[in-house]
2 protein chains.
Amino acid sequence: MAPARRNGAHDSETRTALLDAAEHLMLEEGYAAVTSRRVAAKAGVNAALVYYYFGTMDELFLAVFRRRAEWMLDRQAEALASEQPLWALWDVSHDQANTALNLEFIALGNHRKAIRVAAADYSRRFRAQQLGALSGVLKGYGLDPDVWPPESVILILSSISRFLLMEEAYDLDMGHEQTVAIVERYLRSLEGERRPRTPSDDVP
Amino acid sequence: MAPARRNGAHDSETRTALLDAAEHLMLEEGYAAVTSRRVAAKAGVNAALVYYYFGTMDELFLAVFRRRAEWMLDRQAEALASEQPLWALWDVSHDQANTALNLEFIALGNHRKAIRVAAADYSRRFRAQQLGALSGVLKGYGLDPDVWPPESVILILSSISRFLLMEEAYDLDMGHEQTVAIVERYLRSLEGERRPRTPSDDVP
DNA sequence: GTCTATAGCTGGATAGAC
DNA sequence: GTCTATCCAGCTATAGAC
């Protein structure tokens, strides 16, 4: 009996190899380089297997996105549960690969509706998780929510972090050192000196 | 005598129509939709003309980028020369179309070296222009450069602005209102109440 | 599950008529 | 300058052998 499309055990080795290959290609050469042939070649298998496992290229992109998104949510949850959640959030959001992939997906979402919907949904969950963990904490630090709403503190931290990373990808660093110093001075004023934390594993 | 490639008067109507078509396509459907055939169809001319005017698709992308970049530099220079340069910078950087195009070019630059180089170069000029116009102004406002270096003020304003716009494209607005309020409170504290300014024209 | 083969399409780029 | 015609490469997706 022929297996329905989009089958092949969710944890098959080949399936994982295809996802890894697609993610690497996307990061190194942009989403336009992610074709069934190139993904398959990089994974060391036949191109027809892409369609056996994912049905369409759209579904492949979605699977790559979801896997990475779930991993980032887990990693962020772990960070937010630490003793210094603000420092941990700042550290975890300062990840070049994730930021670059995120940009690719945003650009990809510009003309693939399924991706755009998934990215919007995930951004909401991501932000909600931060807010849920931090709004109490920030109040505990003595921040007046009418002057510094937790939503804004989180948003400003995130935007600075992402902007710095985007510029670094272009070897642009004007004002970076000083800005990092300002952010970290602020974090110290709320959460004290940064203490070492066990970094979580990277994706294989 | 056959004209050398990459010719055709720099201000030819057809050339401009091709640039406009390419820019619109890029904005509406992403860079992958920018093919010689589709650009030409949108401009109402034959696809071979793309190669007559630009030689390669790479050169077309570069021409679109440069035209938009020069326009943005001019527009920013005008804003920075106003009586309230910080307010003007904040307003001018809050332009959805430019931000979306910028993201497309960043993603495109991920796998087209010529674009990456041009984008990096342009970012530097853009930032240098801001810094040149504002470092004196900020000192005049009484900001201590050791606590708030102009580079950082500019960088933080820019990153917040861009992040908000990226999220708005996804109908995400958690904390936006509050963050805009914080920024504008800050701008008011330095530059007083925002006064109306003549907005510059949009590109045709 | 994995492969070969192939249909059907779209793309970049060029030659050459007008 | 603008067009038609064309080459060739690479793409998605499917059928069917093993």
Side-chain angles (χ1 to χ4, degrees), chain A residues 1-22 25-26 28-64 104 107-108 111-115, chain B residues 1-22 24-26 28-65 104 107-108 111-115:
Chain A
M1 188 193 301
R5 290 276 144 185
R6 265 179 249 177
N7 249 2
H10 202 291
D11 56 349
S12 126
E13 262 183 42
T14 303
R15 204 189 119 100
T16 303
L18 288 171
L19 286 174
D20 292 344
L25 263 178
M26 201 164 176
E28 287 154 18
E29 304 188 45
Y31 68 75
V34 181
T35 67
S36 53
R37 284 159 158 71
R38 294 203 58 189
V39 168
K42 195 165 180 118
V45 297
N46 189 275
L49 287 183
V50 171
Y51 301 98
Y52 173 75
Y53 281 102
F54 300 98
T56 65
M57 290 304 290
D58 240 87
E59 285 299 319
L60 170 61
F61 278 119
L62 272 177
V64 171
E104 272 314 308
L108 181 58
H111 65 286
R112 295 224 187 202
K113 202 188 170 198
I115 292 289
Chain B
M1 188 195 299
R5 290 278 144 186
R6 267 180 247 177
N7 251 0
H10 196 49
D11 56 349
S12 127
E13 262 184 42
T14 303
R15 202 188 119 100
T16 303
L18 288 171
L19 287 175
D20 292 345
H24 280 128
L25 263 177
M26 201 163 176
E28 286 154 17
E29 304 189 44
Y31 67 76
V34 181
T35 67
S36 54
R37 283 162 162 79
R38 293 203 59 187
V39 168
K42 196 164 179 120
V45 297
N46 189 276
L49 287 183
V50 170
Y51 300 98
Y52 173 76
Y53 280 101
F54 301 98
T56 65
M57 289 305 291
D58 240 86
E59 285 299 320
L60 170 61
F61 277 118
L62 271 177
V64 171
F65 180 80
E104 278 303 318
L108 181 59
H111 66 285
R112 295 221 189 204
K113 202 186 171 200
I115 292 288

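Residue numbers begin at 1 in each chain, while the letters A, B, ... track the order of the sequences. Note that these values count all heavy atoms, side chains included, but never hydrogens, waters or copies made by symmetry.
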Using atom names, set out every protein N or O paired with an N or O of nucleotides 2-8 of chain D below 3.5 Å, distance rounded to 0.1 Å.
{"unit_1": "D/dT2", "atom_1": "OP1", "unit_2": "B/T14", "atom_2": "OG1", "d": "3.1"}
{"unit_1": "D/dT2", "atom_1": "OP2", "unit_2": "B/T14", "atom_2": "OG1", "d": "3.2"}
{"unit_1": "D/dT2", "atom_1": "OP2", "unit_2": "B/Y53", "atom_2": "OH", "d": "2.7"}
{"unit_1": "D/dC3", "atom_1": "OP2", "unit_2": "B/N46", "atom_2": "N", "d": "2.7"}
{"unit_1": "D/dT4", "atom_1": "OP2", "unit_2": "B/N46", "atom_2": "ND2", "d": "2.9"}

Pairing residues for B/A41 by the side chain to side chain contact (heavy atoms under 4.5 Å, CB included) criterion, not counting sequence neighbours
none
Is it true that a side-chain atom of B/E104 and a backbone atom of B/Y31 form a donor plus acceptor pair closer than 3.5 Å?
yes
Nearest whole angstrom, please: distance from the P of D/dC11 to the CZ of A/R38.
8 Å
Sequence-distant partners of A/N46, side chain to side chain contact (heavy atoms under 4.5 Å, CB included), two or more places apart
A/A48
Separation of D/dA9 C1' from B/M57 CE (nearest whole Å):
16 Å
Would you say A/S36 places a side-chain N or O within less than 4.0 Å of OP1 or OP2 belonging to D/dC11?
no
Under the side chain to side chain contact (heavy atoms under 4.5 Å, CB included) rule, collect the residues that match up with B/E28, sequence neighbours excluded.
B/H24, B/K42
Those residues that, when tested against B/R37, pass salt bridge (Lys or Arg N to Asp or Glu O under 4.0 Å) (two or more places apart):
none
Residues forming a side-chain hydrogen bond (donor to acceptor under 3.5 Å, both in side chains) with B/T14, sequence neighbours excluded:
none
Measure CZ/A/F54 against C1'/D/dT14 and give the value in whole Å, please.
18 Å
